[in-house]
Amino acid sequence: MTTSDWPLWEVFVRSRRGLSHTHAGSLHAPDAQMALRNARDLYTRRNEGVSLWVVPSAAITASSPDEKDPFFEPSADKPYRHPTFYEVPEGVKNL
C-alpha cells in the first residue's frame, strides 16, 4: 500500500479546555493510531491543542449547502422555538 492509497482522515483540535473541537485539516494515514500521531505532529507543533480527534473522511455525512432551504425548512413551522412567540411579563428586565 502506497501513501496515495492510504485513507483520508479529518483532524479536529480542541485548543483549550472547555472549548469545542474545531476542524484543523486533513491527512492521509494507514490507520487511526498513525493518523493520531501525524495529526499531533502536524497540527499541535506549538502546543496549540489539548485534545485531538481523527475521523475517517468516509465516515462523515454532511448536508449540502445547495439543499439548505428544503433541508432546514421543517424548523420554520415551529414558532414556539423563537423568542418572539412569548410575551415578556412587565417588570422583567433581563430575560
Side-chain angles (χ1 to χ4, degrees):
M1 183 182 268
T2 64
T3 53
S4 62
D5 296 331
W6 290 350
L8 183 65
W9 299 80
E10 301 301 326
V11 179
F12 298 86
V13 178
R14 186 173 68 180
S15 59
R16 292 185 311 227
R17 297 197 184 280
L19 296 177
S20 300
H21 285 78
T22 57
H23 186 255
S26 305
L27 56 85
H28 289 275
D31 58 36
Q33 288 303 318
M34 185 59 76
L36 196 57
R37 288 183 182 147
N38 289 347
R40 177 197 61 204
D41 294 344
L42 269 171
Y43 297 106
T44 63
R45 287 182 283 199
R46 296 177 189 92
N47 295 325
E48 300 96 341
V50 295
S51 176
L52 283 171
W53 290 347
V54 292
V55 180
S57 291
I60 295 176
T61 304
S63 63
S64 169
D66 297 335
E67 298 174 352
K68 68 177 182 171
D69 292 335
F71 186 76
F72 292 104
E73 188 176 324
S75 64
D77 65 348
K78 298 175 178 73
Y80 55 84
R81 292 185 176 180
H82 304 285
T84 56
F85 182 79
Y86 302 99
E87 292 183 24
V88 179
E90 287 186 38
V92 175
K93 296 180 183 190
N94 299 319
L95 183 64

Hey, can you pull the donor-acceptor pairs under 3.5 Å for the side chains in residues 32-44, sequence neighbours left out?
{"unit_1": "Tyr43", "atom_1": "OH", "unit_2": "Ser26", "atom_2": "N", "d": "3.3"}
{"unit_1": "Tyr43", "atom_1": "OH", "unit_2": "Ser26", "atom_2": "O", "d": "3.1"}
{"unit_1": "Thr44", "atom_1": "OG1", "unit_2": "Arg40", "atom_2": "O", "d": "2.6"}

| Nearest atoms (heavy-atom pairs only) where His28 meets Trp6 | ND1-O, 3.0 Å
| message | Could you see if Leu8 belongs to whatever hydrophobic cluster contains Ile60? Use Ile, Leu, Val, Met, Phe, Trp, Tyr and a side-chain cutoff under 4.5 Å. | response | no
| said: Hydrophobic cluster membership, with links at side-chain heavy-atom distances under 4.5 Å among I/L/V/M/F/W/Y: are Leu27 and Val13 in one? | reply: yes
| note | Rounded to the nearest 0.5 angstrom, the CZ-CG distance for Phe12 and Leu52 is 11.5 Å
| request: With sequence neighbours excluded, tell me which residues meet side-chain hydrogen bond (donor to acceptor under 3.5 Å, both in side chains) with Ser51. | output: His21
